[in-house]
Amino acid sequence: MKYNIKMKNNLYESDNLKDFRDLIQLYKNKYMQLSAFEYKLKPTDKTLTIKTFKDFVNDIENFGTYMLKNNFKRIAIISPNRYEWCVSYLAATTSNLEVVPLDKSLPLNEIADLLKRSEADTIIYAKQYHDAIIECPNKICFDEKFEDSLLYSEELEKSKILDHTEYNNIKIDNKKMSVMIFTSGTTSISKAVMLSQKSICTVINDTKRMFYVSENDRFLSFLPLHHVFESIITFLFGSSLGVTLVFCDGLKHFASNIKDYNITGFVCVPLVIEMIYKRIIKELKKKNKLTLVNILRKIFRHTSIKTRRKVFKSIFDNIGPNLQSIIAGGAALDKETAQGLYDFGFDIYQGYGLTETSGAIAAENKYIKKPGSVGFPFTSSEIQIFEPDKTGEGEIIVRGDAVMLGYYKNEKATNSSIINGWFHTGDLGKIDKKGILSVTGRKKDVIVFKNGKKVFPEELEKIINDIPYVNESMVFGHIENTKLNRNSDIVLFSEIVILPENIKNYFPNKTKEEIFEKVNEDIKILVNKKIPAYKYIRKIIISNEELIKTTTQKIKRNKELEKIKSKLEV
């Protein structure tokens with residue numbers, strides 16, 4: 001059943017969820033016979049295991065009952081994306097308990113530290129994390145029974161015969177902390193964000209008003225579920241509309257899964273979308289069709305999406321015939337990429353939000369699109385630009401029900417980020433006359449010269465990354481005391497990553513010195529000639545190692561700077 005698509009102020013109408021019990025009731029009322037999850041039990045399986053919404057609801061209610069009977073209070077979960085992760089998340093939260101999703105990609109020592117800081121009394125985990133959870137009182141492993149832990153499948157089976165009275169009578173306090181999520185810590189030590197069911201449901205409700213999704217859609221889940229964007233937008237928002245969630249077989253299978261599993265949409269970070277676009281352009285160049293396609297793009301740009309999809313049918317046949325909706329968040333999407341994919345007939349939606357705002361608080365929809373922007377604020381969130389400069393640029397601040405309760409046991413950080421009811425995001429941006437928001441950079445990352453001029457590293461990194469042999473780059477400022485820099489002002493550096501495969505393809509039989517000279521020359525011609533002189537990249541460092549990043553592919557700039565500090569003249 002499709003929900004009401006009658007429009008009001010360019011937004012879809014939708015029922016409101018006040019807590020996760022309402023979400024379970026929605027499943028019961030509308031979707032019980034539909035496929036909720038599809039996934040492979042083993043990588044070698046030829047068919048997908050199917051779990052209906054009826055299976056899902058039964059497992060949630062059974063395992064929630066089990067949690068209450070065992071007096072669990074705060075439950076941490078860590079594993080790759082899987083059906084049982086989703087069951088555990090909603091079993092805890094619909095029991096009025098607290099859940100702590102942990103980052104599966106962290107080293108074991110960091111996982112152990114976060115688990116300790118979370119003060120969780122229970123952890124549900126994949127077996128590869130067993131050595132990190134020594135101190136937790138209650139341990140339930142998804143895959144294997146250890147001497148000091150229980151096996152998930154056995155405990156779930158036991159839960160089926162328990163008396164559900166206590167679970168059925170639970171009343172949800174939607175204003176208290178329900179989910180604790182640690183930030184990625186790109187610029188500092190991670191903080192524990194406290195989110196309520198009210199704040200999360202606010203985002204789900206707002207997202208449902210922004211996008212039309214039907215129960216016939218199939219979302220591919222490949223971003224880690226511990227991340228607020230994946231758990232709230234892909235999982236909770238998607239399931240609230242009866243979408244089938246298909247778990248990716250692994251990042252290397254991402255492209256083939258889109259086609260093989262008949263995927264209609266997914267949520268991702270811009271890096272993934274940019275990879276898709278580059279792949280399309282590369283194939284067109286190989287077939288000598290790029291010039292023709294660029295002409296067709298201009299001719300058909302303002303036609304219907306249905307027409308564009310017919311014109312560029314061969315592109316969709318190659319990537320995924322039914323792929324349509326892609327929601328991007330976590331960073332700014334390259335303007336050229338957004339426009340290019342839109343021209344081909346993809347629905348690309350930019351969204352904006354943080355862990356502290358329960359995920360998205362602004363987004364584009366099919367009626368409001370502006371490449372390079374992140375759309376307009378959700379109805380329940382008020383967004384302003386704090387202390388804008390002459391160009392209208394300043395820090396993005398937000399208030400509303402989507403904003404976190406605060407940072408767990410960190411009053412100082414909470415008070416410095418929530419001021420007079422406004423959450424200060426640390427992101428810089430602008431709002432145009434139509435109310436559309438653009439994010440220009442991260443406040444902490446902005447490089448400011450002595451004359452007051454500013455440089456946003458991301459702006460220069462996008463230009464550098466367009467050089468064919470560059471895998472990625474990081475721009476940063478460094479003060480050098482030299483004869484050419486008598487004022488001790490900041491000098492712009494770029495660490496340029498060229499992985500071994502590109503070295504082999506683009507620089508065969510070249511020495512390190514020759515490669516350096518070529519790259520240095522290309523920076524002068526392909527980058528510096530496109531930008532004002534004060535933004536010139538003056539020094540480069542070439543690396544053959546990937547930049548240190550979070551699980552959502554944001555550069556950990558402070559960690560990367562520590563790594564390369566020894567290479568700089570101090």
Side-chain angles (χ1 to χ4, degrees), residues 37 39 41 59-60 63-64 66-67 70 72-93 95 97-156 177-185 189-195 200 221-232 234-236 245 247-251 355 359 408 549-553 556:
F37 296 88
Y39 54 92
L41 288 173
D59 286 343
I60 290 167
F63 206 58
Y66 172 89
M67 289 179 173
N70 285 277
F72 296 166
K73 300 299 181 187
R74 185 174 296 164
I75 300 99
I77 314 173
I78 184 166
S79 81
N81 292 7
R82 60 193 294 166
Y83 168 72
E84 294 86 355
W85 192 105
C86 298
V87 170
S88 302
Y89 181 100
L90 282 178
T93 50
S95 300
L97 306 177
E98 298 162 354
V99 68
V100 187
L102 293 176
D103 186 344
K104 68 182 180 64
S105 298
L106 293 175
L108 291 183
N109 65 312
E110 290 188 36
I111 292 169
D113 179 62
L114 293 186
L115 182 59
K116 184 176 181 181
R117 286 176 57 197
S118 75
E119 299 178 348
D121 57 52
T122 303
I123 183 162
I124 304 173
Y125 64 100
K127 64 181 180 181
Q128 59 265 42
Y129 305 102
H130 185 72
D131 291 341
I133 56 173
I134 298 170
E135 296 183 18
C136 197
N138 305 305
K139 307 173 191 176
I140 304 175
C141 183
F142 285 132
D143 319 290
E144 189 174 332
K145 191 170 186 177
F146 295 92
E147 288 185 4
D148 58 345
S149 70
L150 302 169
L151 181 62
Y152 187 90
S153 59
E154 291 181 356
E155 302 310 299
L156 181 60
M177 182 181 76
S178 182
V179 181
M180 179 193 293
I181 303 180
F182 286 93
T183 62
S184 57
I189 189 169
S190 62
K191 297 183 282 289
V193 176
M194 299 186 292
L195 299 179
I200 294 172
S221 173
F222 65 97
L223 288 182
L225 274 167
H226 81 271
H227 192 270
V228 68
F229 207 52
E230 184 73 2
S231 61
I232 294 178
T234 301
F235 167 35
L236 297 176
L245 201 64
F247 291 122
C248 184
D249 295 336
L251 285 180
T355 304
Y408 184 66
K549 294 186 285 291
T550 68
T551 51
T552 50
Q553 301 305 299
K556 287 194 171 186

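Keep in mind that the numbers below use all heavy atoms, side chains included, and drop hydrogens, waters and symmetry copies.
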Participant: Kindly compute the distance separating NZ (Lys556) from NZ (Lys549), expressed to the nearest 0.5 Å.
Facilitator: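 That separation rounds to 11.5 Å.
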Participant: For the pair Tyr125 and Phe146, name the ring-plane relationship: parallel under 30°, tilted 30 to 60°, perpendicular over 60°.
Facilitator: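 Rings of Tyr125 and Phe146: parallel, under 30°.
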Participant: Using modelled atom types only, decide if a donor and an acceptor are shared between the side chain of Asp121 and the backbone of Lys73 within a distance under 3.5 Å.
Facilitator: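 Judged by distance alone, yes, a pair lies under 3.5 Å.
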Participant: Taking Tyr129 for the side chain and Lys104 for the main chain, is one N or O donor matched with an acceptor at less than 3.5 Å?
Facilitator: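 Indeed, once roles are kept as given, a pair shorter than 3.5 Å links the two residues.
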Participant: Please answer whether the main-chain N or O of Val100 pairs with a side-chain N or O of Arg74 as donor and acceptor at a distance below 3.5 Å.
Facilitator: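 Flag not set: sc Arg74 to bb Val100 has no pair under 3.5 Å.
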Participant: How close do Val228 and Gly359 get, heavy atom to heavy atom, and via which atoms?
Facilitator: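 Of all heavy-atom pairs spanning Val228 and Gly359, the closest is CG2-N, 3.6 Å.
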Participant: In Å and rounded to the nearest 0.5 Å, what is the OG1 to CZ distance from Thr355 to Phe229?
Facilitator: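 Nearest 0.5 Å value for the OG1-CZ distance: 11.0 Å.
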Participant: Measure the NE2-CG distance between His226 and Asp103 for me, rounded to the nearest 0.5 Å.
Facilitator: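 Rounded to the nearest 0.5 Å, the NE2-CG separation comes out at 3.5 Å.
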Participant: If only atom types and distance count, is the side chain of Lys139 paired as donor or acceptor with the main-chain N or O of Ile134 below 3.5 Å?
Facilitator: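 Confirmed, Lys139 side chain pairs with Ile134 backbone.
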Participant: Answer whether the closest heavy-atom distance between the side chains of Pro101 and Leu225 falls below 4.5 Å.
Facilitator: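 A side-chain contact is absent here, since even the closest heavy-atom pair is not under 4.5 Å.
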Participant: Do any N or O atoms from the side chain of Ser118 and from the backbone of Ala120 form a donor-acceptor pair under 3.5 angstrom?
Facilitator: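 Answer holds: yes.
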Participant: Closest heavy-atom contact between Glu144 and Lys127?
Facilitator: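 Here Glu144 and Lys127 meet closest at OE1-CD, 3.5 Å.
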Participant: Could you tell me which non-hydrogen atom of Leu114 sits nearest to which non-hydrogen atom of Leu106, and how far apart they are?
Facilitator: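 Minimum heavy-atom contact is CD1-CD1, 3.5 Å.
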Participant: Are Leu102 and Phe182 close enough that some pair of their side-chain heavy atoms sits under 4.5 Å apart?
Facilitator: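 The answer is yes, as the side chains (C-beta and beyond) meet within the 4.5 Å cut-off.
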Participant: Within the distance-only criterion (no hydrogens, no angle test), does the side chain of Asp143 pair as donor or acceptor with the backbone N or O of Ala126 below 3.5 angstrom?
Facilitator: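 It does not hold such a pair.
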Participant: Please name the pair of heavy atoms, one in Glu230 and one in Leu223, separated by the smallest distance, quoted to 0.1 Å.
Facilitator: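 Closest pair (atom of Glu230, atom of Leu223, distance): CG-O, 3.2 Å.
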Participant: Atom CD in Glu155, atom OG in Ser149: separation rounded to 0.5 Å?
Facilitator: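 Answer for the CD-OG pair, Glu155 versus Ser149, is 10.0 Å.
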Participant: Is Thr122 reaching over with its side chain to a backbone N or O of Asn138, donor-acceptor style, under 3.5 angstrom?
Facilitator: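 No, Thr122 side chain to Asn138 backbone: no donor-acceptor pair under 3.5 Å.
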Participant: Is any side-chain heavy atom of Leu236 closer than 4.5 Å to one of Tyr89?
Facilitator: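 SC-SC contact between Tyr89 and Leu236 confirmed.
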Participant: Is Ser231 reaching over with its side chain to a backbone N or O of His227, donor-acceptor style, under 3.5 angstrom?
Facilitator: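 Side chain of Ser231 to backbone of His227: a pair is present.
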Participant: Can you see which heavy atom on Ile123 is nearest to which on Cys136, and at what distance?
Facilitator: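 Taking Ile123 first and Cys136 second, the nearest heavy atoms are N-SG, 3.6 Å.
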Participant: Using a 4.5 Å cut-off on heavy atoms from C-beta on, say whether the side chain of Ile124 contacts that of Met67.
Facilitator: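 The answer is yes, as the side chains (C-beta and beyond) meet within the 4.5 Å cut-off.
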Participant: Do Ile75 and Ser88 touch side chain to side chain, with heavy atoms closer than 4.5 Å?
Facilitator: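 No, every pair of side-chain atoms sits at 4.5 Å or beyond.
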Participant: What closest approach, in Å, do Ile140 and Leu151 show between heavy atoms, and which atom pair accounts for it?
Facilitator: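 Shortest heavy-atom contact: CG2-C, 4.2 Å.
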Participant: Can you label the angle between the Tyr83 ring and the Tyr39 ring as parallel, tilted or perpendicular, going by 30° and 60°?
Facilitator: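 The rings of Tyr83 and Tyr39 lie parallel, inter-plane angle below 30°.
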Participant: Looking at CG of Asn70 and CG of Leu150, how far apart are the two atoms once the value is rounded to the nearest 0.5 Å?
Facilitator: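 Reported to 0.5 Å precision, the distance equals 8.5 Å.
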Participant: Any chance you could lay out the side chain to side chain contact (heavy atoms under 4.5 Å, CB included) test for Leu90 and Phe235, step after step, and finish with the verdict?
Facilitator: CA-CA 11 Å; Leu90 282 178; Phe235 167 35; 3.8 Å; yes
Participant: Mind checking whether Ser190 and Glu110 have side chains closer than 4.5 Å, heavy atoms only?
Facilitator: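 Counting from C-beta outward, Ser190 and Glu110 never come under 4.5 Å.
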Participant: Would you say the side chain of Ser95 lies within less than 4.5 Å of the side chain of Phe72, judging by non-hydrogen atoms?
Facilitator: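 In short, these two side chains do not touch, never coming nearer than 4.5 Å.
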Participant: What's the spacing between Ile232 CD1 and Ile200 CD1 if we round to 0.5 Å?
Facilitator: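 Rounded to the nearest 0.5 Å, the CD1-CD1 separation comes out at 4.5 Å.
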Participant: Looking at side-chain heavy atoms only, is the closest gap between Ser79 and Tyr152 below 4.5 Å?
Facilitator: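 In short, these two side chains do not touch, never coming nearer than 4.5 Å.
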Participant: Taking it one step at a time, do Phe222 and Leu251 satisfy side chain to side chain contact (heavy atoms under 4.5 Å, CB included)?
Facilitator: CA-CA 7 Å; Phe222 65 97; Leu251 285 180; 3.9 Å; yes
